[in-house]
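Notes for the one structure printed next.
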Amino acid sequence: MKLSVFRLSYWNRRGNSFRSSPSLDPTFDGKSPSSVFWFVIHGLCCLISLILGFRFSHLVLFFLFSTSVTNLYTTPFLSAGNGGVSQLLRLKPLETATNSTVKKNSRVVVGRHGIRIRPWPHPNPIEVLRAHQLLVRVQKEQKSMYGVRSPKTVIVVTPTYVRTFQALHLTGVMHSLMLVPYDLVWIVVEAGGITNETASFIAKSGLKTIHLGFDQKMPNTWEDRHKLKTKMRLHALRIVREKKLDGIVMFADDSNMHNELSSVLKKEEGKRKEKPSMPIQGPSCNSSEKLVGWHIFNTQPYAKKTAVYIDEKAAVMPIKMEWSGFVLNSRLLWKESVDEKPAWIKDLSLLDDNDEIDSPLSLVKDPSMLEPLGSCGRRVLLWWLRVEARADSKFPPGWIIKSPLEITVPSKRTPWPDSSSELPAAIKEAKSDTKPRGSNSKSSKGKQEPKAFNGVKVSTTS
Amino acid sequence: MKLSSWVLIFLLCNLTFLSSISAFRLSRSQPTERISGSAGDVLEDNPVGRLKVFVYELPSKYNKKILQKDPRCLNHMFAAEIYMQRFLLSSPVRTLNPEEADWFYVPVYTTCDLTPNGLPLPFKSPRMMRSAIQLIASNWPYWNRTEGADHFFVVPHDFGACFHYQEEKAIGRGILPLLQRATLVQTFGQRNHVCLKEGSITVPPYAPPQKMQSHLIPEKTPRSIFVYFRGLFYDVGNDPEGGYYARGARAAVWENFKDNPLFDISTEHPTTYYEDMQRAIFCLCPLGWAPWSPRLVEAVIFGCIPVIIADDIVLPFADAIPWEDIGVFVDEKDVPYLDTILTSIPPEVILRKQRLLANPSMKQAMLFPQPAQPGDAFHQVLNGLARKLPHERSVYLRPGEKLLNWTAGPVADLKPW
């Protein structure tokens, strides 16, 4: 550390450069004894460096023989111009031969200065912590000035039920919701009553949750499932109304993936994007961003080929207008006694279970009161993963395997090259008995889910 | 009756002589604070009607031809002299009648002789200036009337009217003798320095306003960088081992903080330089070869608190803008402890500085927009000139009195240009 300071601040190179000045050295003008002495020392050191092969400077002599070393790190060392002898021991301000420069007592002096380096030039963790606290404070101030003025609570309604892929779907939704920077209330409505599995799962999120049970079990056909989910959502909305929860209600199905969730919450509705190659639903707007209609996927051409049951290999059709695309203010759901309730929304208590509610649009008497958000659905996207396992597929509870496996079978294709020659024999045996097990769970068609852990009767390798 | 009026006047005087920042009225929608410096709340003053400026008609070899030879002069940081002339020619303060003028402006472009790299060479500037003054002294009587005391010149070069880029040389030359009595509008400002004359007006260096406006990012983008700096630490071409350049201060910043995660400092030239400044809380503005730099302007425009590391510097419009309240001043000897200094600033102080920086009149005062807008740097210069009025009796010389020495200075300067 010291040496670097030496190197940096005491070298006396004669640089020939654009801005270098010819020497203004006033000191070496006569034959004053001190200057002669320094010249001699300088010459001596040059000779020694020639002999030794590296630079031996009179600075070393200075430091060898000086008793009290002045504070190296804070005193500026001045040299009289580029080519002159550096005046180490005399720390007086620069005097040039021509005019007197220091006409007033200026503390700033021209010339070469030392480069001050503190003894431990590394970050101090306490200061880093303080800096981070300052950053947090500044960002908080920024958010309060330029961000959302008074953030409302978000109420998310998710219908779910215990099934193979529930963990997969719920994890996605849960993490999206955990990232939302505003207050959140998560209403999870579970078909088939409250189960411990779901409860333990959502408890992991650390969010404020309301876990509701719904007494019917999830049916097997897509159509009936949609209907039941709708009923579950309405049930959740009734709870919102009962508890007088204030905020913005949005529907997050557990098989959805959200993009731009937080910007949705600043406005009040979110829609899906228009894209011709995929079945898309969304608002359509005219040039002034006003809602003029809806893009709805036309299911007619596919009527014969759609999947009815969960595990069919045909395409799964969405319902006409998914619930997840809509966001509404919870005050709309409250009872009549609230004064600000506008006239264009139907009262929840007047709705029967028998009514055909297929989308939130039926809750609204006047569809022109809807407002498209996210620049008419272009910026906010919602994806529906239509992947479900067979209704009777079994999976280990909580996806945790505690007990050792009773039967293990080598798979037909391993990702690593087989080195042992015994294996091919076993595989040939296995081929005849097992069914193939492709496990693509992320396809967009409802494929057959691999039947894990049962129905396989093959002996293991010897 | 008399007594009450005197009491009223007395009270008014008390109120106006208070020079602190006026009361803080914050409503949620107005995150700024009024700025008033030692001269009062003068940033928004309108100079029209308070002064009259006469612009000399110099032959085009002093201005237009030079600009034609090298149009790069319009974009570099010394372009203030060119835009000042253009502004004055079309401004309502301009008068065509020199008899009623309070101030006289001499449009000579001394900083437009550029090297291939774009740096201005000041070697011919003294001769050019001298030749221009000789011209106006012989063609108009106004110079000799006051020996230039009511004339002003724009000298935006490194060390102002000392006309040299190297500090030792500049100090050696001193201010051009013929400009001893004139008012100088310059970017250089350092207390107790030969090249800063008493009564000079310091202006910010020119920074292209459109370029900066086009790089603005939404204000809600959180500021996540603590300290930001991009630029040289060692001027390898001219001062390889440091010590001369920036008086060792920039090298000290590098050596002490190069591995500090809070300091985003490097010598790169990123394309997102302006955007990054808007994401930083502090922007370092250390001295270079001269103490001033366009970084100050950029920091103010982008709302980043400037950390000024230059001993005794005089910042632009120092009487109109209370820089002590807006920026952080760090002595060069305290540079190794910069992180301690910056992290120990209380958050309220930081927020207040940001509020002051957010004041639009502050940002406007640092810019030279074309066409000129109210409150911009041109207007601040005129306000400064107006504050110096009325001229004292002593500026008007008695007939036959001569105060300037026309033959002073290095012999090479006396050659005609």
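All figures in this text were calculated on a predicted structure; none of them were measured in a lab. Letters A, B, ... are given to chains in the order of the sequence lines, protein chains preceding strands, and every chain is numbered from 1. Only this structure's heavy atoms are used, side chains among them; waters, hydrogens and symmetry mates stay out.
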task: Run the numbers on E127(A) and L342(B) for side chain to side chain contact (heavy atoms under 4.5 Å, CB included), then give the verdict.
output: CA-CA 9 Å; E127(A) 278 158 22; L342(B) 292 180; over 6 Å; no

query: Does the side chain to side chain contact (heavy atoms under 4.5 Å, CB included) test come out yes or no for R247(B) and V108(A), once each step is laid out?
result: CA-CA 9 Å; R247(B) 293 197 276 269; V108(A) 181; 3.2 Å; yes

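Around atom NZ of K258(B), more than 12 heavy atoms belonging to other residues, nucleotides or ligands sit under 6.0 Å away. Heavy-atom neighbours of K124(B) NZ from other residues, nucleotides or ligands within 6.0 Å: at or below the threshold of 12.
Both the backbone and the side chain of S224(B) come within contact range of chain A, each with at least one heavy atom under 4.5 Å from a heavy atom of that chain. Proximity to chain A is limited to the side chain of D331(B), based on heavy atoms less than 4.5 angstrom apart. For chain B, the nearby part of Q139(A) is the side chain; its heavy atoms alone come within less than 4.5 Å.
The two residues G248(B) and I115(A) make their nearest non-hydrogen contact at O-CG2, 4.1 Å. Annotation for Y244(B) and G111(A): closest pair CE2-C, 3.6 Å, computed over non-hydrogen atoms. In terms of heavy-atom proximity, I281(B) sits nearest to V138(A) at CD1-CG2, 3.8 Å.
Here F257(B) contributes atom CZ and I117(A) contributes atom CD1; the two are 11.0 Å apart, rounded to the nearest 0.5 Å. For the atom pair H113(A) NE2 and K333(B) NZ, the distance stands at 12.5 Å (nearest 0.5 Å). Atom CG of L135(A) is separated from atom OG1 of T343(B) by 11.0 Å, given to the nearest 0.5 angstrom. Taken from OG in S344(B) to CG in L134(A), the straight-line distance is 9.0 Å, to the nearest 0.5 Å. A distance of 10.5 Å separates OH of Y337(B) from CZ of R116(A), quoted to the nearest 0.5 Å.
We find that D339(B) and R118(A) are joined by a salt bridge, their nearest charged nitrogen and carboxylate oxygen being less than 4.0 Å apart.
Q142(A) contributes a side-chain N or O that, together with a main-chain N or O of E219(B), makes up a donor-acceptor pair within less than 3.5 Å.
In terms of heavy-atom pairs under 4.5 angstrom with chain A, the leader among F226(B), F263(B), W254(B) is F226(B). Among the candidates V253(B), N256(B), V227(B), the residue making the largest number of heavy-atom pairs closer than 4.5 Å to chain A is N256(B).
Between P261(B) and P123(A) there is a side-chain heavy-atom pair separated by less than 4.5 Å. Annotation: side chain of I171(B) is in contact with side chain of V110(A) (closest heavy-atom distance under 4.5 Å).
Side-chain polar atoms of H122(A) and D259(B) form a donor-acceptor pair below 3.5 angstrom.
Judged as a side chain to side chain donor-acceptor pair (under 3.5 Å), and not counting sequence neighbours, the contacts of E275(B) are H215(B).
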